[in-house]
Amino acid sequence: MNVNRKVLTLDEFTIQQLRNFPHATGELSNLLRDIGLAAKRVNVEVNKAGLVDILGDAGTINVQGEDVKKLDIFANNQFVGVLRHGISCAGIASEELDDVVVFDDEVSNNSKYVCLFDPLDGSGNIDVNISIGTIFCVYRRISEKGGPCTKEDFLQAGINQVAAGYIIYGSSTMMVYATRRGVNGFTLDPSIGEFTLSHTDIKCPENGKIYSVNHGNFFQYNDNVKKYIDGCQKKNKTNGGPYTQRYIGSMVADVHRNLLKGGIFMYPTTTDKPNGKLRLLYECNPFAFIVEVAGGKATNGKERILDIKPTELHQRSAFFVGSKNMMEELENACHEN
Ligand code: AHG
Ligand code: MN
Ligand code: MN
């Protein structure tokens, strides 16, 4: 044992960051701690999911028209509950809820942030013990502090995110979050029940060898995307291909792997889903922010994800995210004719 070993918990880390900003109020640290707490509660249930009656469908359909799983609801309730009782969040929007939830009490009305999340990403994998996740992002509200937050606070372009992150409930549980200053990863140490700094200043490799896409939809993609995917399977002078295809069906797990190892994740529009499948506010924006801070890129095939001004809470988008050079190759393919 190294007696000088110093590990930082999530709280210690965010408080240490505060020391660099004498005027900071600590609200964001509080918010991240609240998110960490909700994540730990979800983690406990996910871990024993086969043992307790938490697997399977809840028997309802969400606002997106998708089957809701019991764990979707459990996770949603944990995040809403913790943020409502915290002191740093004026309201939330969730993939599982039709409309925003404005907390509207004295403390919440004086909070400067709103939070958006996909409480459980990769729901289809819950019942089969494959990694799932939570995705979140934080905006500074544009409505006046002192009163309730408004829907406009949630409909900001992704470029305005103050922080974004995800929790992966995998072979170990990790929380990764980004602010403009960098991306850091914390692994849950079950012996002390704390997220502990394990991945400092994460950078996405500029080149990668992994491409992640649902090949079953190949014939529904447009010609430019087909051509790019075709190129992934071939060797050429510049790309170091052929690439390896990896697609789990939990975006959190797929993008986490590609962020660390280098790669590209794609969910293009299809003939069945002409607006794409993934949700701009809860899935694309947070990952676009995290990966851009780490040095990568994100686009919908036409424009940078973070520049899109949302018009609806549950708006969908095509999504391409990953290593800088692979993304540039993709962008070139997308801009052909
Ligand atoms: P969610 O479970 O929150 O609805 O999201 C699932 C998403 C994403 O995580 C994943 O990459 C994608 O759906 C998989 O979709 P396909 O099965 O259509 O490939
Ligand atoms: Mn999702
Ligand atoms: Mn979800």
Side-chain angles (χ1 to χ4, degrees), residues 38-39 42 45-46 49 54-58 60-80 92-98 115-137 164-170 176 210-221 225 229 245-259 263-288 290-291 298 300 305 313-322:
V42 172
E45 292 308 308
V46 167
I54 193 93
L55 292 179
D57 293 339
T60 48
I61 304 252
N62 68 9
V63 61
Q64 330 271 347
E66 297 157 347
D67 287 333
V68 178
K69 304 273 181 185
K70 288 180 199 163
L71 262 176
D72 282 321
I73 301 180
F74 178 82
N76 181 66
N77 292 348
Q78 291 308 316
F79 281 92
V80 178
I92 62 97
S94 162
E95 183 193 272
E96 294 300 334
L97 301 174
D98 299 8
C115 186
L116 293 81
F117 48 84
D118 174 358
L120 216 56
D121 175 70
S123 313
N125 282 331
I126 293 173
D127 295 350
V128 287
N129 205 356
I130 289 174
S131 297
I132 49 181
T134 296
I135 310 167
F136 66 89
C137 60
Y166 58 88
I167 295 99
I168 175 166
Y169 311 99
V176 174
I210 298 171
Y211 74 106
S212 309
V213 70
N214 186 335
H215 259 284
N217 293 334
F218 183 83
F219 292 106
Q220 295 197 46
Y221 298 145
V225 171
I229 294 174
Q245 202 274 351
R246 293 280 182 270
Y247 187 77
I248 298 174
S250 290
M251 183 174 56
V252 169
D254 277 317
V255 182
H256 175 69
R257 180 201 51 236
N258 293 1
L259 173 68
I264 184 169
F265 172 91
M266 300 174 263
Y267 207 110
T269 57
T270 63
T271 38
D272 286 349
K273 297 186 177 88
N275 298 322
K277 174 180 183 186
L278 299 174
R279 278 110 327 187
L280 177 64
L281 273 65
Y282 316 108
E283 292 168 318
C284 309
N285 270 337
F287 272 118
I290 297 162
V291 172
N300 65 1
I305 289 287
L313 273 183
H314 297 291
Q315 154 174 359
R316 294 180 191 260
S317 173
F319 192 43
F320 304 86
V321 65

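Whatever order the structure lists ligands and atoms in, that order sets their numbers, starting from 1. Because the structure is predicted, anything quoted here is derived from the model rather than measured.
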Should Tyr267 and Asp254 be marked as a side chain to side chain contact (heavy atoms under 4.5 Å, CB included) after you check the CA-CA gap, both sets of side-chain angles, and the distance that decides it? CA-CA 11 Å; Tyr267 207 110; Asp254 277 317; over 6 Å; no
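Residue contacts with ligand 1 for Glu96 are absent, since no atom lies close enough (heavy atoms, distance under 4.0 Å). Residue contacts with ligand 1 for Tyr282 are absent, since no atom lies close enough (heavy atoms, distance under 4.0 Å).
Closest non-hydrogen pair, Thr270 versus Tyr221, comes out as CG2-CE2, 3.7 Å. For the residue pair Ala318 and Ile305, the shortest heavy atom distance occurs at O-CD1, 3.8 Å. In this structure, Glu95 and His314 approach most closely via the heavy-atom pair O-CE1, 3.9 Å.
Contact annotation: the side chain of Ile248 approaches that of Arg257 to within less than 4.5 Å [non-hydrogen atoms, C-beta and beyond]. Considering only heavy atoms from C-beta on, Leu259 stays 4.5 Å or farther from Phe287 through its side chain. Ile73 has its side chain out of reach of Glu96: every pair of non-hydrogen atoms, C-beta onward, lies at least 4.5 Å apart. Using a 4.5 Å heavy-atom threshold, the side chains of Val42 and Pro119 count as separate. Counting only heavy atoms from C-beta outward, the side chains of Val225 and Phe320 approach each other to under 4.5 Å. By the 4.5 Å heavy-atom criterion applied to side chains, Lys273 and Arg316 are not counted as neighbours. Inter-residue side-chain proximity for Val255 and Tyr166 is flagged as unmet; no heavy-atom pair is nearer than 4.5 Å. Using a 4.5 Å cut-off on side-chain heavy atoms (C-beta onward), Phe79 and Phe136 make no contact.
Contact atoms of ligand 1 toward Met251: 8 (C), 9 (O), 10 (C), 11 (O) (distance under 4.0 Å to a heavy atom of the residue). Taking every non-hydrogen atom of Arg279 and a distance limit under 4.0 Å, the qualifying atoms of ligand 1 come out as 1 (P), 3 (O), 4 (O), 5 (O).
At least one heavy atom of Tyr267 sits less than 4.0 Å from an atom of ligand 1. Residue-ligand proximity: Leu120 is placed with a non-hydrogen atom under 4.0 Å from ligand 1. Taking 4.0 Å as the cut-off, Leu278 counts as a neighbour of ligand 1 on heavy-atom distance.
Inclusion of Ser250 in the set of residues having an N or O under 3.5 Å from an N or O of ligand 1 is not warranted. Annotation: Phe265 places no N or O atom under 3.5 Å from an N or O atom of ligand 1; distance criterion only. The shortest N or O to N or O distance between Gly124 and ligand 1 is not below 3.5 Å.
With Gly216, Gly249, Ala253 as candidates, the residue nearest to atom 10 (C) of ligand 1 on a non-hydrogen basis is Gly249. Between Thr134, Asp118, Asn214, Ile248, it is Asn214 that holds the heavy atom closest to atom 17 (O) of ligand 1.
At the shortest separation from atom 5 (O) of ligand 1 among protein heavy atoms lies Asp121 OD1, 3.2 Å. Regarding atom 19 (O) of ligand 1, its nearest protein heavy-atom neighbour is Tyr247 OH, 2.5 Å. The shortest contact between atom 13 (O) of ligand 1 and any protein heavy atom is with Lys277 NZ, 3.0 Å.
Going from atom OG of Ser123 over to atom CG of Asp118 covers 7.0 Å, rounded to the nearest 0.5 Å.
Protein N/O/S atoms closer than 2.8 Å to the Mn ion (ligand 2): Asp118 OD2, Asp121 OD1, Glu283 OE2.
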